[in-house]
Structure formats: structure tokens, C-alpha cells
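Structure first, commentary second.
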Protein chains: 4
Amino acid sequence: MAYFENIGKVAYEGSQSQNPFAFKFYNADEVVAGKKMSEHLKFSMAYWHTLTAEGNDPFGDTTAIRPWHSYKGMDMAKARVEAGFEFMDKMGLEYFCFHDIDITPEGSTLKEFFANIDTIVDLIETHMKSTGKKLLWNTANMFTNPRFVHGAASTNNADVYAHAAAQIKKGLEVGKRLGGENYVFWGGREGYMSLLNTDMKLEQDNIARMFHMAVDYAKEIGFDAQFLIEPKPKEPTKHQYDFDAATSIAFLQKYNLDKDFKLNLEANHATLAGHTFEHELRVARINGMLGSLDANQGDMLLGWDTDEFPVNVYDSTLTMYEVLKNDGLGKGGINFDAKVRRDSFEADDLFLAHIAGMDTYAKGLKVAAKLIEDGAFDKVIEERYSSFSEGIGADIVAGKTTLASLSEYAMNNENPRPNKSGRQELLQAVLNQYIYG
Amino acid sequence: MAYFENIGKVAYEGSQSQNPFAFKFYNADEVVAGKKMSEHLKFSMAYWHTLTAEGNDPFGDTTAIRPWHSYKGMDMAKARVEAGFEFMDKMGLEYFCFHDIDITPEGSTLKEFFANIDTIVDLIETHMKSTGKKLLWNTANMFTNPRFVHGAASTNNADVYAHAAAQIKKGLEVGKRLGGENYVFWGGREGYMSLLNTDMKLEQDNIARMFHMAVDYAKEIGFDAQFLIEPKPKEPTKHQYDFDAATSIAFLQKYNLDKDFKLNLEANHATLAGHTFEHELRVARINGMLGSLDANQGDMLLGWDTDEFPVNVYDSTLTMYEVLKNDGLGKGGINFDAKVRRDSFEADDLFLAHIAGMDTYAKGLKVAAKLIEDGAFDKVIEERYSSFSEGIGADIVAGKTTLASLSEYAMNNENPRPNKSGRQELLQAVLNQYIYG
Amino acid sequence: MAYFENIGKVAYEGSQSQNPFAFKFYNADEVVAGKKMSEHLKFSMAYWHTLTAEGNDPFGDTTAIRPWHSYKGMDMAKARVEAGFEFMDKMGLEYFCFHDIDITPEGSTLKEFFANIDTIVDLIETHMKSTGKKLLWNTANMFTNPRFVHGAASTNNADVYAHAAAQIKKGLEVGKRLGGENYVFWGGREGYMSLLNTDMKLEQDNIARMFHMAVDYAKEIGFDAQFLIEPKPKEPTKHQYDFDAATSIAFLQKYNLDKDFKLNLEANHATLAGHTFEHELRVARINGMLGSLDANQGDMLLGWDTDEFPVNVYDSTLTMYEVLKNDGLGKGGINFDAKVRRDSFEADDLFLAHIAGMDTYAKGLKVAAKLIEDGAFDKVIEERYSSFSEGIGADIVAGKTTLASLSEYAMNNENPRPNKSGRQELLQAVLNQYIYG
Amino acid sequence: MAYFENIGKVAYEGSQSQNPFAFKFYNADEVVAGKKMSEHLKFSMAYWHTLTAEGNDPFGDTTAIRPWHSYKGMDMAKARVEAGFEFMDKMGLEYFCFHDIDITPEGSTLKEFFANIDTIVDLIETHMKSTGKKLLWNTANMFTNPRFVHGAASTNNADVYAHAAAQIKKGLEVGKRLGGENYVFWGGREGYMSLLNTDMKLEQDNIARMFHMAVDYAKEIGFDAQFLIEPKPKEPTKHQYDFDAATSIAFLQKYNLDKDFKLNLEANHATLAGHTFEHELRVARINGMLGSLDANQGDMLLGWDTDEFPVNVYDSTLTMYEVLKNDGLGKGGINFDAKVRRDSFEADDLFLAHIAGMDTYAKGLKVAAKLIEDGAFDKVIEERYSSFSEGIGADIVAGKTTLASLSEYAMNNENPRPNKSGRQELLQAVLNQYIYG
């Protein structure tokens, strides 16, 4: 049976197509920079936004109209699996991601919860085998249940901490079983609401302890997924410990976890932290920490995580630019952590929104590849820093100078002027020309 | 002669005084938490805001009326020294801080600049000896001169880099000569205007190289000041590399500089980065990185560095709370990196503003000391995390658990609930009661 | 029976009390500026936050523990009425406010909804008579139900518009019956998610039409409450039409509604719009539009409506300063549109939070009254603008000048200088002295 | 002689051109939507950013390298005129805008200032006649000189107010002489630094008085330019009275100035106020207040007015969409209130930046025209609101309904559901397709 009866496989029809249910730019098999688009763009369906979300917001009840609404409980959970694989198939998405509570009701005990998970994972596994779809990553939701009100690994309640550990253990086992390529930690409530009642050091130490236990357990069971932390600066808490890429790196370095983890970076989280997405990607990249992407976009005038589908080609271009410069994402991929607007409540909107996002990334990939192929920015940068390739500059880079030697040099080289304009406006115009020229 | 003729020594007159030129809360010799206020509060005059600034802004010319305006060039530089020591004396400030270009004109060559510095430093040294005033820290200004348009240690021009090195070398020598307790690096233009033309990795590597050279040179000349980085997220650049405390710590860890540096934290920089000041202090404190303070406050509705005098007692209380918990600031102090509003253009306003700031910190110190003495928050926190002091919680903290052992525990301990309200509102009411009860 | 069994009447015990369940500053019968505190501070319980809310957030399920949780449906609705009056009684709150859907389930038809309302309003009325509690205002919730996904008076669906009209009509009737002193319109979804699909002019015209119909109907039934618009800039929509005080005034002026409406201003909405609360109050006051307050506070570093209990005495002082300058709020009052933090989930926290808020306002009232009594700011302002009381300044104010006459004056009066410092830092210090001196 | 010797006339070379000094999209004579591009896009050179600015910022001295730097005083003023007309000629800009102090030194008296103005205006007039260039608008700078530290029309000093009046009078005379099509008021310091010392009502009344005098004087001398207010929310003051479009409209309505003024809207000011530029344009448009544009863009992550050249084609498309829907800007135009980045300090950057901006607007115009021609959004909107074209909806719009009649209708029309998805993601994808498809 089909859940999305009136929609067929979404096909590439080119940039002039008037068909809303066709790709205008994403052409899976088209080769860009030596690889198929689908290999560059390991798009993933976010189980929660596509299958679990219902269109409620803090001021309004659910609006979503979904074809599995006639089912309840475990039946609905199963229907969602069916619908999800149909959706991936029709959209041409090769990957998916989920939290444990996305795929099944929690039940009233951990035992029941894990049994429910097993039931649904059986079904998912069957579908994976028959379709070839893959698990980009899974994770444990440790922020929705009221027990996590004070955090999970950062909770003040050791029993809650143990509960979180049990969920992570199960998550790792599920990941191994389904061949998950990564395993993600988003610390939804790992942070604080008020410093007045918070022991920040104990909380961060405990988080590190949990991560070490997770690393150890993954090794124990032979689960070789890439571990990922997902930075976010705030929301739901006042302050989240994994504020941004740099903060997460500081944490991982301090606790000797930097060899075991990379970062899962999200566009909207970047801007909430006061950064562009490309900044976060660059920081991760030059630190060898670029793991995977949560593709979405925020509204720069709104102060919460709007998780909009990515439709800005400037952003997708600069994102794919960093990804290409990183030689790809390794095990990572591009997960649509994006939700349709509450007023886009029809099931069709799920397709339309993914098309919008995939096309935006496809266009961005092509522009980025061309920029790199032409050296549009690289040549400028190479020339710009050329003074560090010779003479005193080369000595500096080689570590051959001291304050004394540089000072002597400077005293004999009065009034150095900046040697060249930064040419920002020209480079922005070049970017425009590549995008829509 | 006196520059501030009509103003005498500012004295403590108590909270009911109607004298604008008296302290209402700052009583230097009053003992709080076992030490004199003046020992807790090593207040420092910021040379630039007090003596050099002229009240211009991006949309308006200078408004300040200053008693040294009849002088020019080096004469004005000397007059400022005289006026500065008079100001410190009358205000009861024991410390001061300066950038190299605050104290003297740059001249047309480095040689001339350094000669000018020597002349003024002679004069400063004389005044220090006769008055007992001390240098909290000095630094090199490597952002105002056009040569630093693309950065100093992060410049693309090796000659500019060498010039910066020369300034730092001189700065360290001046610091040693004047017995500076700290030496500060604020990377005014160490960051980028556009990622499109920026080699972030080379720039950060070069900054680290400069810092290592500075550490080496200080050791070489026997200058044992505490080195400090001052985080700021943006302005004047689009992005400053020392974004916030955590980012700076990540940098120092990566480049093996974390033993040689601490942080000079500024309130307004904290809020520009999306943090409360107490958050930044806490982060630094639990990482052993709390060095010194730039005391001021921003306007939470304005997006630039307003550097206002600190007049919010909530902030000063939580600031001093962290300082007391840190057992003080060591070599660090409390520098008023704060400027009078452009429309507070009379010389009197310099006094009124410092009084406002010092009183605010004095009140904050007293409230914080009492909160700690009473265990007002400590008792709550101790109780709140008590589950980690025994049983499974103690095992977690002791590193005796694994995911498997915790999972087994959790399976036999269904549905842990959060064990207690966080009581934020009560704690906020307690804070109010301590402040104005 | 009692819902809050272990809590008695909250009494004033003075600023040194250690009893968390006592007022430290709010002393209802104490006379301040010629009136009892309780007359200045017409505090109101917000039905929704106190009785209906359950402690969920966009990332987490309900945490609240409430004594009426053993009931369901209309029984729970009735229990809430009982509990609410008990709460008001114990807290010493004389007023309350509600949306229609706060007090009763909606049922499956409008008819059933209105019947439910009637049932509960009967019960409320009985309690009002026996306790003397009063209705500060009521309103219709036209944003939670999915039918309002595209707005209510700004919907694109005429049937939804009619439905909204029916709710307003019922709301006005309920208000009249319960003697409501005001009637509020908060346009929860009156705005847009995207300009791409929005006819802004039609939407605003339709809102104005609805308001005129409401004004007419109130007159028709003899309901003489003050009508109030509640500005908010965004959330849940991307842009709310009643962005701030000035925007709302522009709307009311344009559509000839400015004689029939005033503003219900909320602190957190002010800061979301980029204003201080005192700014919004001032704008409303000098335009004769200051109607009523939604007392709360936001977190200046968070971009959503946190609706925290007001605990900042700077804010409450400047708020009450504007209220006193307005000769009070007339029919308006001070409604606690504030919710306990999600992790303050115990019923006790409702009391603790209201105590915190009421004490904060009480302290603010006392400080503001003293500031006005002493002319602490008034004298400065009078002196500051004195040049407009005489000579050319008086002529300007009297409308006797022209560009030509002023130009001639100026040509003969070269280089006017600003005549005096604005003395901001001094005034801030004075404010501090009044608050905690 | 030529100031920009090595640069010729910038010509259109098409989207594939590799010549940095050519237009890729702006083709002045190309007809779009029935008019030449140059008629749609009345581009104007901003005298201040192009000719007067020197590349300083709050943390750094001037960096700009300009060919008129060998001159001083009035000679430099004259050289700037020559260079400006050469620049306009080479860039193909038909209009320019200036503040009084942009074109000439102030001198030491008003008399001298006005004489200087007359000298330069003579020169400008000569060039205008010989080149056909036109004055889009002029204005008086009443914020840079220290005398305006407390405001101009909102000053507390009547003498300063008179001085401002004299400058406005002169500005109107200059505007008339040069055939200025508009006259602008940007209230640089019309606002407040602190409410504690501010009489907001008197200040706003005085501003209104000044505007009425200006209207009267313009009529008196027969100057029929369109008067324009330029909203900005903050900077340099903490709060500017002309916060945004709606606030300015409220002010104009209140003081009966709404027939005499329209708005000069700036993109960066819009975003500083928390709005998209298209929002501000829409608000102005549906209120008949859309006058002219200050074209630039801000950095959404920076909180100050960065005045960057507009290079975002999403923004330029939505801007030109509103302009086309407004049937153009009437007397208004598109002034580049944009400055090259401080590190784009070469004179060439002035050309490169204007090319970037003009191309961005040209592309936006073409996309917007096509969107309108195809009814890409219009058809969706028409369909979306169709329920207000018939039946009960038509009655509502016609004013034939009451709360009672609508309530009766609703009672017989249970549970209206939202009739259709808002389709935001689809419309965003359509926009992308039009931009780069």
C-alpha cells in the first residue's frame, strides 16, 4: 500500500520545469567534481521532523495532516516505518536518522521501551535490506521525558544519569545492528537554566564520564561509527554546554575525547550562537573535527531554532565549499533537520520542502565545485598571504624568529603599510556571478 | 598644579550621603570576608578611556572637555600623566592600565615611538615611586594604526607581523620596568572581515607563534607577569578569533599555551558573545583560567561595545561571587574599561562615573560575601547534587561504572523522576533580599 | 477542601524574614504616595500560567505537579476554579485574567464550548461574589486551535474569521457578566509567516473591521470595559502586526480606533521588540495610551518569550515610575503573565514565584515613589530643558518661530555649545542609591 | 584632468564577463517591464561614503587612499566635486545625494559655512548643467558637530535648535537651487541616551514643530521636493525616535504631517529594527508612504550599521518586487548609502563595490519583473484569500457584518478548518528558480 498515493517518484526535470514535484537542480547521477551528486550529498531524512512531528508550537496545537493518523500506538509506529521508507524511496533519499523515541512509544518501563525498539528495529532492518537505505546516525532522546528536566548526563539525579546511560547503551546496540555510520549526542538539556543552582564543573565532568563510557562500550561491542557532538548554544536551556564548535572542541580536548569525537554541525544552531554556518564549518575543518551536517536554516530575525528547510543558495554554496575543501564528510552526511512550517500542514509539503532543500544544496554544490575548480577564491588567498612564503614571512612560519629578531627587522623596515585591499566586494560579486551568472 | 582643581579626594560618606562626589558604598579600609575592600577590589584606571578618549563616536566629533587640552604632542602626553596620577589619587585607585599608544604619540618611526615611550615611562615611573600606584597591566595597541587593517599577528603581511612583534617586545620591557602584574593581549583585529579572503588556519597558527615568542621573551628578560588573553566576539572585525572564554581556552589548549595564559574577561564582551558575565567567569574559574576583569557593562539592546560604567548591582554581585569563589584574582584586578557617555562630556563626569562603578562593585562585593558566608546558594547546590555523593552516584563520580552496569541499575529502577524543583524563582528572591533587603 | 494544603495565607514579614512563604516587601495596606500598596498594585493572577500550564516546552513534555491532576475534563476545569480562588486568597491577589479556553475544554462544537463556558462562569461568578475577587480582563484565545493556523481576524478564511467573531462576542458577554474592567486583544497569530503569500493590507483592514465590530457590540450590550491591544513583535509568527507600542498606535490612529483602545504592555514583549519596558510605557504614556501591564521579564540573551516572573528591581522601579507619572493605570492592573520555570515544577513554586514578583514590584513602587517625591530626576529634567521656558525657546514651543526667524537668530548667535553634561552616570548612581542605599 | 585615471567608463559586458570593471547584469538601456533599467533604478552616489569617508572606525584610523588627498580645505572640497562627477560619469550613476557638511568644511561661523556651501554649490551646479546629473536629495547633517550631542530638533538647548533650523533653511534653499527631487531628514541624534534625563514628549513635540516650519518654508520658497523621514532604530543614540516605518508613520499621523512626508527606507536600518527590508517596504507601500531607498545591507550577526554594499540577490529581488508593486518610487530613487569595507581601501574598490551593488539590483529587478509578469506569487495570493471575495467573506469586507451576524453564521458552520497549506517552502523554491534557474 502507499501512504503518499498521489505522489510518484520525484525526478530531475531541470531548471525550467514547472512541476512542483520535480527536482530542478538535484540530479543524483550527475557528476560534479569527480563524483556523483548523490555521493557528495548523502541526504538523510530526519525521522522526527518527517514522521513524528505534528505541527504544534508553543502557542498552538497540532496541525499536520498525515496518512498514518488512522493508526495508534505501535501500529502507528509501524505505519511510520512504512511511510518513511516510501518517502525516502520517492524522494531519492538514501539515508535516515532517528532518536529512540521517534520510532516507538516509550511504554511504561525501560524494558517495555527497549522491547518496543526491538520490534520496530526489526521492521526497519527488513526495509533497509529490501531497499538499500542506510542509517546515517541514530541517537537517544534524553530531553523530552520529564525525568530529564534537569539534564541527562548533567542531571543532579544519579538515577536519571543511569537511565540515560541505559538509553545510550541501547542506542549504540541499535546503531551497530543497523550499520549506523555515525552516532550523535545532542545535549538537549545538558546546560543550565540558572547558574544560581548549578555546579557547572560536576555537570561537565559527568558528561565527560558518560562520553568515555560510551566510547568504551562502542569498542567493546565493535561498533565503529563516528561519534559526533552536536553544538547548540541555547534552547531549551538558557545555556547549553556545547555552545558552538570551538566550545565543543575545548571540552573534547580538556577531557581527552578529541580523538573519539567529531562535530555534527547545524546551520540554525550556528546562527543562534552568533556565527555563520560557514564559520562553524571552517573552525571544525581546520581542527579536523568536521563530521556531519544538520541541514536547515534559521530566520536571522528570530531568536529560536526555527529549523527551516535550507533554501538560501549563498549558504548552501559556502557550506558545500567547506565540505569540498574537507574532501567530503567521511562517514558523515547531510541530514535534513528541518521541519515544514506549521502552516504547511499538508503531506505534500513534506515533499515540496525536501525538494526545495535538495535543490538548494545541489545548486550550492555545483557553484562551490566551480569556484574551487577555477580557484576563484584560492588564487586570491594564495596571493594575499604570499609574504609568508618567502623571506621573513617564511622564517616566521618556520619558527625561526624571535621577538628580538623580528623587532630588529621591524626597526629597519619602517612603516609597513597594508599591502593590498581585501577586495571583499569584488569577491562577493564573483560569488554572485557564479551563483546566477 | 592640579588639573581637577575643584574636586578633592573622594571619600566614603555612607549610603545616605547627598554628595555626588562621595562614595556611598566603597569604603577602602572596611573589612569584608577577611580582607579590606581595597584588597578585594584592585580597581584600575583605564588610561585610554580616562585620559586619551575624546568623546567622538562613528557619527560625531569629540565632545570631551579636558583640562589638558591646552597642551599638544608630547606636552599633552606629559600633562596626561600628571592628570592621571592626580585622578588616581583623588579617586583612590591603586592601579592603572595602558596601551602603548595611549601614553604617547606614535611618531613617524618605530625608533621615535619607542623613544617617546621611554620618555613617558620615565615620568610614569617617577610618579609610581612617589605615589605607590601600580601597573595592573599594559599592552600594545595593534589595531588602531592603518597598518593593522588586516590584523597584527593574523595579518597577511609579514612586515606588519614583524612590526607587531616589535611593539610586543617593547611592551614586555615596559611592563617589566614598571613592575606590571599582568600583560594583556586583546586581539583587536585578530579575526576576519570575510571568510572569502581568509586563511583561518595560517592566521591562527601565526597568532600562536607570536604568543610563544612572547612567552619566551618574557622568560628571557625575567618578566614574570601573568599573560592574559581578552576575549571579544566581534567588533571591529566581523569575527574575532578570541570569541569568548571557551573559544580562547580551546585555542590555548590546542597550541600548548594554556599553562602560560589566563583570561582577562570583560563584561560587555561577554554579552556581545551571547553570555552573561558570570557565565564567562564561571567557565574561566572551573578551568583555572580566571585572570583579571575589565569592568564595564553593555546595553543589552545595543549590538556594539558600549563600555558603560558598571552600575548594575545584580551583575556586580554575581561577578564578585565568582571572584570570591576563585579566592580572588591573584595578580589580576578590576580595570574600568568603561567610558563616560559622549554626552557626559565634562571632566566631573569622569569622577562621577568612577564613583558609580566603584560603589556598584563595593555593594556587589558585600552582597556576594554575605551570600557565601550564609551558604545561601551553596547549601542549595550541595543538597541538589547529593545523589552523587553516595551509592550509584558516588560510583559514577569515582569512575567505577560502565554503560552496562548503569543500564542494569536503571532496568531495576524504573521511571526515575526529577527529585526536586530547581527553585530558581526562590533563589532569585533570595538574591533580591540580599541586595536590597 | 484545600488544594494547597500545606500553605497558609502569605503574610508580610518584612525584609529580614527567612520564611520563603512570606512577603518581604509587599505589604498590602502600607500607604505609599497617598494610597495603599494594593491600590497601586492591582495584581492579577494569570489563569493560564497558574492553573492551565503544565510545564511543557518545545523539547519536553509536561513536568508540572498540580493538585487538580486527579480530575479530568469539566471536573478538572471546576477544580481549577476552586484551586484558583484558593490561590488568590492565599496570595492576596485581588484580580485575575483568563482566555476562554483556559477555563474550560473547547468541546466539539461552538455551542458546546459556549455551554461549557457558561457552566464555569457560573462557578467563577459564585466565587467572585463570596470572595470579592475581581476580573481584571478576559480575552478570547484565537491562536491555539489549529483553525487559527493562518490567523484569526487576519485569516485568509472567512469562516475562521466568523468563528473568531463568535468567540469575541461571547468573550464580551462574559466580561460584562463578570464585571471585567478591561477586555484584551492579543493577536497571537495576527501577522505573517512569510510575506510571499501574504496580503498585508487586506489582513490589517480585516483586523480593523473586527475591532470596530467589537467596539460596537460592547456599546450595544453596555459593556464599558477598557479595550486593550497587547503588542508583541514576533512569536509564534515571524512578524506580529502589533509589533510594539508605536506600531499599535499607528494602526489605531489609521483606523480611527485610538479613542476606543489603549495598550496592554508586557515587559518581555518590549524587549523582544528591541525596547526597554520603560520605553514602551513612556511611549504609551505620552500618547495617552497606557492601559494595563503584563508583568514578567525576559532573558535578554534569549530570543523567545520566556515569561519569567519579574525579579529585577531596576525594571520594576522604572515601571512603577512611569505608572505613577501616569497617575496610575485607571482600569488597568498588573497581571502576572509569568510562568514558573519548567524545572520549578512543584506547586509550591507557584507561590514562591508570585512572592518574588510581588515583592519586586512592591520594592519598585516604593523606590519610584521616593524618586518622585524627592524630584530626583524631575529637577534634573526641569533644569535640563529650561532653555525652552524662556526667550527663543519659549517662542519655539509657542509656535511663534519660523525657519527664517530662527535662522536669523542663529546667525547672530554663533557656535552654540551643548550647555551641560547629560549626567547619565550620576543619575544611574542616584537610582542605585534609592534602590539599595 | 582625471582622478581615476586608470579606470574607464564601466560598461555592460554580460554575465560571463571576466572583467572586474564591467557590469555583468546592469544594462542601463535594457527594457524591463516596459521601462529602461536606468529608469527603474535611479541609482544615486552617496557623497559621504564615496567622497568624504576615509576608512576609519571606532578602533582604527583612516585607511582610504584617495586621489584628492593632496588637497586641503576648500581645495579638497572642490577636488571632491570634480572627482565625484567623474565617478558618476564613469559608473553611469545619474543621481547623487549629500549632507551639507559632506561638500564643504564647516568653517568657524554659520556665515562662513553658508558661504562655503554657496561656493561649492556653484561648482556642483556647473557640473550638473554640463553632465545632466541630478540631485536625488540633500539634507543637513545635524549629528556630527558636538553641538548636537543632545540632539538637534530634540535638543534641550534652544540655541542649538535655532542653529539646526538655520541649517535646514539653507538646505532647502540649496535643494531648490539644484532641483533636488527630495529632501531627507535623518534624525541622527533625535532620540535619547537615557530615559532618566529625557522629556520625550517635549522632544517629539519640538521635532514636529521643526518639520512644520520646514514644510512651511519649502512652500514659501516654492521648493516642491518630496520630504522624507529616514527611520533608524538606534545608533548613535540608544533609541532613535524614528525607530522604523510604523513608528515614523505613527509620528507623522499624530502631528498631521502624514500628507507632507514619505519615508526614505534603508535596508540596514530595517534589520537593526528587527525587520526585513521587504517588510519595511511593504508597510510603507500599503500606507502610501514609500518614498525612496537607501540601498545597502547589514550583517545579520552584527549589531551596528555596517552599511555594506548590497550583494544579496534575494534581498534586491524582494526590494524591487515591492518597488514595482508600488509603480515605482515617484521622485525617489536608490541611493547607495553603502561604504566599502575598511580593508577595501583602494580607490578601485569604490568602483568594484558600486558595480557589485548595481548588478545585484539589476538582477533583482529582472527577477522581480518576471515574478510579477508570471503572477508567480499573485496567483497564489489571490486564490489564498478568495473566501473574502464571496459570501460571508465579501460581506465582511463590505462592512455588512456584526459580531452577532458572524456569530450566528459560525454557530451554524461548525469547526472550520484552515482551508489550505500556506506553501511557504514551495514559494521559496519558486523564488530560487526565478533567481538562478
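Naming: A, B, ... by sequence-line order, numbering from 1 per chain. The shown structure was predicted, so the numbers you read here are calculated from the model rather than taken from an experiment. Atom set for the values below is all heavy atoms of this structure, side chains included, hydrogens, waters and symmetry mates excluded.
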Please flag which part of [X] lies under 4.5 Å from any non-hydrogen atom of chain B: side chain, backbone, both or neither.
| X | answer |
| --- | --- |
| A:Y321 | neither |
| A:V430 | neither |
| A:Y385 | both |
| A:V149 | side chain |
| A:S248 | neither |
| A:L318 | side chain |
| A:H279 | both |
| A:A164 | neither |
| A:L172 | side chain |
| A:Q167 | neither |
| A:K420 | backbone |
| A:S389 | neither |
| A:D216 | neither |
| A:F148 | neither |

Top contributor to chain A interface from [options] [non-hydrogen pairs under 4.5 Å]:
| options | value |
| --- | --- |
| B:K111, B:K254, B:E278 | B:K254 |
| B:L371, B:I381, B:N145 | B:I381 |
| B:L195, B:D244, B:L252, B:T401 | B:L195 |
| B:D395, B:L272, B:L431, B:N287 | B:N287 |
| B:V380, B:N206, B:D258, B:T276 | B:N206 |
| B:E390, B:H163, B:M200 | B:M200 |

Can you tell me if B:Y409 and A:D159 form a side-chain donor-acceptor pair at under 3.5 Å?
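There is such a pair between these side chains.
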
Shortest non-hydrogen contact between A:G393 and B:A158, atoms and distance
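Looking at all heavy atoms of both residues, the shortest contact is CA-CB, 3.5 Å.
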
Starting from the C-alpha separation in whole Å, work towards a yes-or-no answer on side chain to side chain contact (heavy atoms under 4.5 Å, CB included) for B:Q424 and A:L196.
CA-CA 7 Å; B:Q424 179 173 332; A:L196 299 184; 5.8 Å; no

Give a yes or no on whether the backbone of B:R417 and the side-chain of A:N157 come within a donor-acceptor separation of less than 3.5 Å.
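Confirmed, A:N157 side chain pairs with B:R417 backbone.
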
Between A:S387 (side chain only) and B:N156 (backbone N and O only), is there a donor and an acceptor less than 3.5 Å apart?
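A pair under 3.5 Å: yes.
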
Atom [atom1] of [X] and atom [atom2] of [Y]: how far apart are they, to the nearest 0.5 Å?
| X | Y | atom1 | atom2 | result |
| --- | --- | --- | --- | --- |
| A:D378 | B:D199 | CG | CG | 10.0 Å |
| A:S194 | B:R423 | OG | CZ | 13.5 Å |
| B:I396 | A:D205 | CD1 | CG | 13.0 Å |
| A:R209 | B:K400 | CZ | NZ | 12.0 Å |
| B:I168 | A:S407 | CD1 | OG | 10.5 Å |
| A:Y217 | B:L406 | OH | CG | 12.0 Å |

Of the listed residues ([options]), which shares the most heavy-atom pairs with chain B below a 4.5 Å separation?
| options | result |
| --- | --- |
| A:K170, A:E203, A:E382 | A:E203 |
| A:V160, A:T402, A:T198, A:V283 | A:T198 |
| A:L427, A:N413, A:L403, A:T155 | A:L403 |
| A:A394, A:G422, A:G274 | A:G422 |
| A:R384, A:E408, A:M213 | A:R384 |

Is it the backbone or the side chain of [X] that comes under 4.5 Å from a heavy atom of chain A, or both, or neither?
| X | result |
| --- | --- |
| B:A273 | backbone |
| B:F251 | neither |
| B:L202 | side chain |

Return the orientation label for the A:H239 and B:H275 ring planes: parallel under 30°, perpendicular over 60°, tilted otherwise.
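Ring orientation, 0 to 90° scale: tilted.
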
Test log, rule side chain to side chain contact (heavy atoms under 4.5 Å, CB included), inputs B:K201 and A:R282
CA-CA 9 Å; B:K201 182 168 187 314; A:R282 181 75 64 94; over 6 Å; no

Kindly indicate, with the supporting measurements, whether the criterion side chain to side chain contact (heavy atoms under 4.5 Å, CB included) is fulfilled by A:I249 and B:T247.
CA-CA 8 Å; A:I249 290 171; B:T247 303; over 6 Å; no

Could you please spell out the steps behind the side chain to side chain contact (heavy atoms under 4.5 Å, CB included) verdict for A:I392 and B:Y161?
CA-CA 10 Å; A:I392 190 77; B:Y161 187 95; over 6 Å; no

